[in-house]
Protein chains: 2
Amino acid sequence: MSSSTKDRILDAAECLFAQHGFEGTSLRAVTSEADVNLASVNYHFGNKIGLFQAIFERRVGHINDARLEQLDRLQSRGLPPSLEELLEAFVGPALRLTSREGEGFESFMRLVGRMSTVSGQHAEVIRDVFRDVQERFFPAFMQALPHLSAPEVFWRLHFLIGSMCSYLADPCRLELISQGHCRSDDPEESLRQLVAFAAGALRGPSALPHPTTPASKESHP
Amino acid sequence: MSSSTKDRILDAAECLFAQHGFEGTSLRAVTSEADVNLASVNYHFGNKIGLFQAIFERRVGHINDARLEQLDRLQSRGLPPSLEELLEAFVGPALRLTSREGEGFESFMRLVGRMSTVSGQHAEVIRDVFRDVQERFFPAFMQALPHLSAPEVFWRLHFLIGSMCSYLADPCRLELISQGHCRSDDPEESLRQLVAFAAGALRGPSALPHPTTPASKESHP
DNA sequence: CATCGGATCAAACGGTCGTATGAAACGGCC
DNA sequence: GGCCGTTTCATACGACCGTTTGATCCGATG
């Protein structure tokens, strides 16, 4: 047997969840793809959402560790990290592990991207799992972007995560809509494009020169 | 009767699809919410995916018309439109109609954002529906960004759409992760932040000085 | 060998799903 | 009133859903 039942279920499930979504994937499809008995899912993971959670627990450590390790390395030097270095540490592992760890990780990242737009309990699972990364990176970005206020940094990081997740959700879509102008099979090229995009986005001037009273005007012109 | 059966189904469906996704929403939930008979869906829309398509056909005309009309106005002047003007015309209607046309449109935009990360036939429905807008805006962006190659403009517009859709999918998430630092109830503020983000992102320097050949074949300083 | 606990199995449970059907209600028109 | 096309209705169909059950396998332990 090449791998354990548990792992085969996880592999099949993360692939199918990424393709068809959580509700769009039946446990029968998972166990059939994994070539295990239907009841194994409930035996090993309790229920369907337990399986969903286990998928994240298996993968998310690697990517978060890689991010934080890279951030540690940057911060252990004397001078504060540059914006590009921070971006590399934040989005690099997400894009690179995709190709280094085999197609399993690719499916997982597609799943992350896909689940980034849902709400409800699935969204909470994901938010919880990335919370500590966010809390470590946010102050670092704040320091690297002294021209932006805290809310503005939040806004832009939020948009940045949206860009990244949209790309992760389906890297091939760019090839489609660009009618072949863009290739998406090279993670280094993707990373370069995303970092360039994000660096410009974060470095751009503040949207409000003087963020005074938020509710100043009530008039309708 | 306040509105037709057809419209009541569409209203309920776009709200529920936005909340729970396509597979996560049953036709029984839709017809129950709309207070109509279950069989009405199949009578008026053929089947479930026909209903999905009808949701888009009802709304997407408004937003695309608003975008193209704004683009026409910009292009009918003598000088070519600025980057900020283009961005306003592209993302403005998507964000603004949300609040002007009532909560129906807000649900619809959430649905668009949510569906932006799926693949399969639903994705095709959405791509088809936004294709002409893309084909009108892309050359305009190309002209406004002479420092970028065509593939790079594709990359960045793709990332930009990801940012926008991520925001549309759940405007409240930003409030959550920023722990109240950011408000998401003012579409004008959101638009300002998104345009500032996107303008910086698109104006940023090219990622590759010579992006024509992907491999290291041809070096040309 | 016997035993025992974890792992796997086929089979079934009660529900819910999307869809189909045929009858009833409705409204304009002769 | 009588007719007819459109819309609404209650109901049913077969399929599939997530979950549970109890029997069976199997390797480690004594």
Side-chain angles (χ1 to χ4, degrees), chain A residues 1-58 111 114-115 118-126, chain B residues 1-58 111 114-115 118-126:
Chain A
M1 190 180 296
S2 64
S3 57
S4 74
T5 298
K6 224 168 161 175
D7 278 330
R8 285 221 305 287
I9 294 175
L10 287 171
D11 288 340
E14 84 183 345
C15 179
L16 291 174
F17 282 165
Q19 281 184 277
H20 309 110
F22 182 78
E23 284 90 0
T25 303
S26 70
L27 293 183
R28 282 169 176 82
V30 170
T31 54
S32 169
E33 171 83 12
D35 202 42
V36 302
N37 189 272
L38 170 62
S40 313
V41 171
N42 285 63
Y43 176 77
H44 285 287
F45 305 102
N47 51 24
K48 195 181 181 184
I49 197 139
L51 169 60
F52 182 78
Q53 212 149 352
I55 289 175
F56 278 78
E57 281 163 8
R58 180 174 68 154
L111 179 60
R114 193 181 173 131
M115 289 301 155
V118 310
S119 18
Q121 55 182 342
H122 307 86
E124 272 178 45
V125 169
I126 300 178
Chain B
M1 189 179 297
S2 64
S3 56
S4 73
T5 298
K6 225 167 161 174
D7 278 330
R8 284 220 308 286
I9 293 175
L10 288 171
D11 288 340
E14 83 182 344
C15 178
L16 292 173
F17 283 164
Q19 280 184 277
H20 308 110
F22 182 78
E23 283 91 359
T25 303
S26 70
L27 292 183
R28 282 170 176 83
V30 171
T31 54
S32 170
E33 171 83 15
D35 202 43
V36 303
N37 189 271
L38 169 62
S40 313
V41 172
N42 285 57
Y43 176 77
H44 285 287
F45 306 102
N47 51 24
K48 195 181 181 184
I49 197 137
L51 169 60
F52 181 78
Q53 211 150 352
I55 289 174
F56 278 78
E57 282 163 7
R58 181 175 67 153
L111 178 61
R114 190 178 175 134
M115 288 300 155
V118 310
S119 18
Q121 53 183 342
H122 307 85
E124 272 177 47
V125 168
I126 300 176

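What's counted below: heavy atoms across the whole structure, side chains too, no hydrogens, waters or symmetry copies. Each chain gets a letter, A, B and so on, in the order its sequence line appears, and its residues count up from 1. These figures come from a predicted structure and were not determined experimentally.
Residue A/T5 has no polar side-chain atom (N or O) positioned under 4.0 Å from OP1 or OP2 of C/dA7. The phosphate of C/dC17 has OP1 or OP2 within less than 4.0 Å of a side-chain N or O from B/S26.
Under the side chain to side chain contact (heavy atoms under 4.5 Å, CB included) test applied with B/L10, the options B/H44, B/E57, B/R58 reduce to a single match, B/R58.
As a whole-Å value, the separation of B/L27 CG from D/dT11 P is 20 Å.
Checked against salt bridge (charged side-chain N to carboxylate O under 4.0 Å, His left out), B/R28 has no partners two or more places apart in sequence or in another chain.
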Enumerate all atom pairs, one protein N or O and one N or O from nucleotides 26-28 of chain C, separated by less than 3.5 Å.
none

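Of the residues in residues 9-25 of chain A, not one places a heavy atom less than 4.0 Å from an atom of DNA chain C. Of the residues in residues 30-56 of chain A, those placing a heavy atom less than 4.0 Å from an atom of DNA chain D are A/L38, A/A39, A/N42, A/N47, A/K48, in numerical order.
When the local axes at the two ends of the helix from C/dC1-D/dG30 to C/dC30-D/dG1 are compared, using 5 base pairs at each end, they differ in direction by 20° after rounding to 10°.
Annotation: side chain of B/K48 is not in contact with side chain of B/V30 (no heavy-atom distance under 4.5 Å). With contacts defined as side-chain heavy-atom distances shorter than 4.5 Å, the pair B/H20/A/E23 does not qualify. B/N37 places none of its side-chain heavy atoms less than 4.5 Å from the side chain of B/T5. Between A/K6 and A/F45, some side-chain heavy-atom pair lies under the 4.5 Å cut-off. Side chains of A/R114 and A/F17 form no contact here, defined as non-hydrogen atoms less than 4.5 Å apart.
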Contacts table for residues 49-56 of chain A: side-chain donor-acceptor under 3.5 angstrom, sequence neighbours left out:
none

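Across B/R8 and B/A34, no two heavy atoms sit closer than the pair NE-O, 2.9 Å. For the residue pair A/F22 and A/M115, the shortest heavy atom distance occurs at N-CE, 3.8 Å. For the residue pair A/L16 and A/T25, the shortest heavy atom distance occurs at O-OG1, 3.1 Å. Heavy atoms only, all atoms of each residue included: A/T31 and A/L38 are closest at CG2-CA, 3.6 Å.
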Exercise. With side-chain contact (heavy atoms from CB on, under 4.5 Å) as the test, would you mind laying out the steps for A/V118 and A/I126 before giving the verdict?
Key: CA-CA 10 Å; A/V118 310; A/I126 300 178; 5.5 Å; no
